Amino acid sequence: MEEKCIKETNRLEKIPFLSAESGVIINYLEWIISLPWNKKTKEKLDIKLVKKILDEDHYGLLDIKERILEYLAVKKLSNKHIGTILCLIGPPGVGKTSLAKSIARAMNRKFIRASLGGVRDEAEIRGHRKTYIGSMPGRIVQGIVNAKSKNPVFLLDEIDKMSVDFRGDPASALLEVLDPEQNNTFRDHYLEVPFDLSEVMFITTANNEDEIPYSLRDRMEIINIPGYTEYEKLQIAQLFLLPKQLKNHGFKKENIEISEKAMKKIIKEYTHEAGVRGLEKEISSMCRKVALNIVYFKKNNNKGVRISLKNLENYLGIPKYKIDKIGKEDVVGLATGLAWTEIGGEILSVETIVMPGKGKLTLTGQLGDVMQESGKAALTYARSRATKFKIDNKFYENCDIHVHIPEGAIPKDGPSAGITMATSLISSLTDIPIRKDVAMTGEITLRGKVLPVGGLKEKILAAYQSGIKTIIIPQDNIKNLEDLPGNIKKRLKFIMVNNIDEVLKNALTRNPF
């Protein structure tokens, strides 16, 4: 580094001061000098203090907090840098970005955030060659310069939202940055000298793990942050969100009180999310309404405002969402499935109608390719087992089959509705109703085997809120039940299945065999 600076300084002495080249060299030397080559903050390794700070800032998230404490415990014992890159994956609003800030505060490190959403240019990461007009270092070096420390907590936000075009692949440029074996000699195209990033604690966030390139994902330790339960949202609202919004709007704790029942209704009927960002907006909306009443309408000047079920609609209007409740009776061809979305779990109704025709299969509801394939696999399975189900072997030649998944304006995809579509189809062909209080999720093979699926916690929470009592899940997903809160596990019945025959025995009102 010194040799490079001396070389550039010598060049600067030999050229006219007002030339364009002198400006380039001066700019380059300013960047080189401003880098914290030997400066770093003294971090705290008091595990109890770190745990206290994390608990102050976030409710729950026990697995993530435990992983941070493990990281610090190993670092304290070994007194060496542990080259681990954490990747926090979860729906919007669950606290991924704020958790990274808390980690920095708990460790007494500087915090830097760079959003990668929509980044398409490799130069955003590695910088431009200094020969280009207006060139500068990439976001990594810029962040280090702003932190004025070589060991900050560096958050790379929305790492799954990067794109690729003719200017290069930024995800490939990140491979060196996020590889503990390589990043001690990271070379920015602008600086042209190696800089040690090994002491930087990189944390990345994403909404969807599948959108992260495999080579990049392989370098990180994935920590999944699932959606919050209703009880967790209630605690977060009362302990964190409401006090924060009262302070932001100039109120004291005694000025506004929201009853527990009113808060539960806000969570259930005014928000539809896995996180709490929408919940915070609704609380903020109520605070603004109260402020307007006090300042403009001169109401409640001298006494506090209590918001209950009776007057909640005066502040937030009519409810925005309706929780899907289970039907009142068992229906032929109507099965209840469970789906995962970026905002949490969803109840998915699958309807099948069989009518006279020429063997046409119609799949509607804006289904993706994978979901359409699941429907075709379900039909093939039904045809192969027609004799066992006491169905006419030539039903496919004489009938048209229409499978529809309501809310057709919303795109749907994925294999997890396979057993739901098969159950709906076989129920229609055998004229046996499906139990109204049973929901299911699982992928189906042509031979009727049930394969495991993802997002199980979010799906189960959605089923619980909709009044479902029994949930059918693949046998291989049994390990995922450990992540469920104990109070929810006790109120639900789980049936583990290996094949579609076991599904039908538990989902249909009578045995189809």
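Everything numeric in this text was worked out from a predicted model, so none of it was measured.
Between Y315 and V305 the shortest side-chain heavy-atom distance falls below 4.5 Å. A heavy-atom distance below 4.5 Å is not found between the side chains of F494 and I478. Here the side chains of M496 and L481 are in contact, with some heavy-atom distance below 4.5 Å. Put simply, the side chain of L197 reaches to within 4.5 Å of the side chain of I144, judged on heavy atoms. Contact of the L461 side chain with the I488 side chain is registered, since non-hydrogen atoms from C-beta on lie closer than 4.5 Å. Two residues are said to be in side-chain contact when any heavy atoms from C-beta on lie closer than 4.5 Å; L86 and I223 meet this criterion. The shortest distance between side-chain heavy atoms of V141 and F195 does not fall below 4.5 Å.
Ion pairing between K233 and E273 fails under the 4.0 Å rule for side-chain N and carboxylate O. Of the charged side-chain nitrogens involved, none lies within less than 4.0 Å of a carboxylate oxygen, so that K449 and E443 do not count as a salt-bridged pair.
Counting only distance, with no hydrogens or angles, the side chain of K52 and the backbone of I47 share no donor-acceptor pair below 3.5 Å. The backbone N or O of Y228 sits nowhere less than 3.5 Å from a side-chain atom of E232 that would complete a donor-acceptor pair. The backbone N or O of E502 sits less than 3.5 Å from a side-chain atom of N499, completing a donor-acceptor pair. When atom types are taken as modelled, the side chain of N498 and the backbone of P474 share no donor-acceptor pair closer than 3.5 angstrom. Within the 3.5 Å criterion, the main-chain N or O of H128 finds no donor-acceptor partner in the side chain of S135. In this structure, the side chain of K469 does not engage the main chain of K493 through any donor-acceptor pair within 3.5 Å. R126 places a side-chain N or O within donor-acceptor distance of the main-chain N or O of R187, the cut-off being under 3.5 Å. Between the side chain of D160 and the backbone N or O of N208, at least one donor-acceptor pair lies under 3.5 Å. Remark: the backbone N or O of E176 is not paired with any side-chain donor or acceptor of N183 at under 3.5 angstrom. A distance-only check finds no donor-acceptor pair linking the side chain of K281 to the backbone of T271 [under 3.5 Å].
Remark: K48 NZ is loosely packed, at most 12 non-hydrogen atoms of other residues, nucleotides or ligands lying under 6.0 Å away. Around the NZ atom of K265, the shell of radius 6.0 Å holds more than 12 heavy atoms that belong to other residues, nucleotides or ligands.
Between the OG atom of S98 and the CZ atom of F240 there is a distance of 10.0 Å, given to the nearest 0.5 Å. The distance from the CZ atom of F154 to the CZ atom of R139 is 9.5 Å, given to the nearest 0.5 Å.
Looking at residues two or more places apart in sequence or on another chain, you find a side-chain contact (heavy atoms from CB on, under 4.5 Å) between K252 and E254, N255.
The heavy-atom pair separating N506 from I472 by the smallest distance is CB-CD1, 4.0 Å. Taking every heavy atom of both residues into account, E122 and A173 meet most closely at CG-CB, 3.6 Å. Annotation for I347 and A463: closest pair CD1-CA, 3.8 Å, computed over non-hydrogen atoms.
For residues 148-159, the set of pairs meeting the salt bridge (Lys or Arg N to Asp or Glu O under 4.0 Å) definition, not counting sequence neighbours, comprises R113-D157, K150-E199, E158-K161. Among residues at least two apart or in separate chains, side chain to side chain donor-acceptor pair (under 3.5 Å) pairs with a member in residues 217-227 are R67-E221, D179-R219.
Between the side chains of D57 and S102, a donor-acceptor pair is found at a separation under 3.5 Å. For the 3.5 Å distance criterion, the side chains of K110 and S149 fail to qualify, holding no donor opposite an acceptor. Between the side chains of N248 and S284, no donor-acceptor pair of N or O atoms lies under 3.5 Å. Residues E346 and H272 bring a donor and an acceptor atom of their side chains to less than 3.5 Å of each other. Side-chain atoms of Y464 and R491 include a donor-acceptor pair closer than 3.5 Å.
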Take L451 and T445, measure what side chain to side chain contact (heavy atoms under 4.5 Å, CB included) needs, and give me the verdict at the end.
CA-CA 8 Å; L451 303 180; T445 68; 3.7 Å; yes
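Y190 and Y28 have tilted rings, their planes meeting at an angle from 30° to 60° on a 0 to 90° scale.
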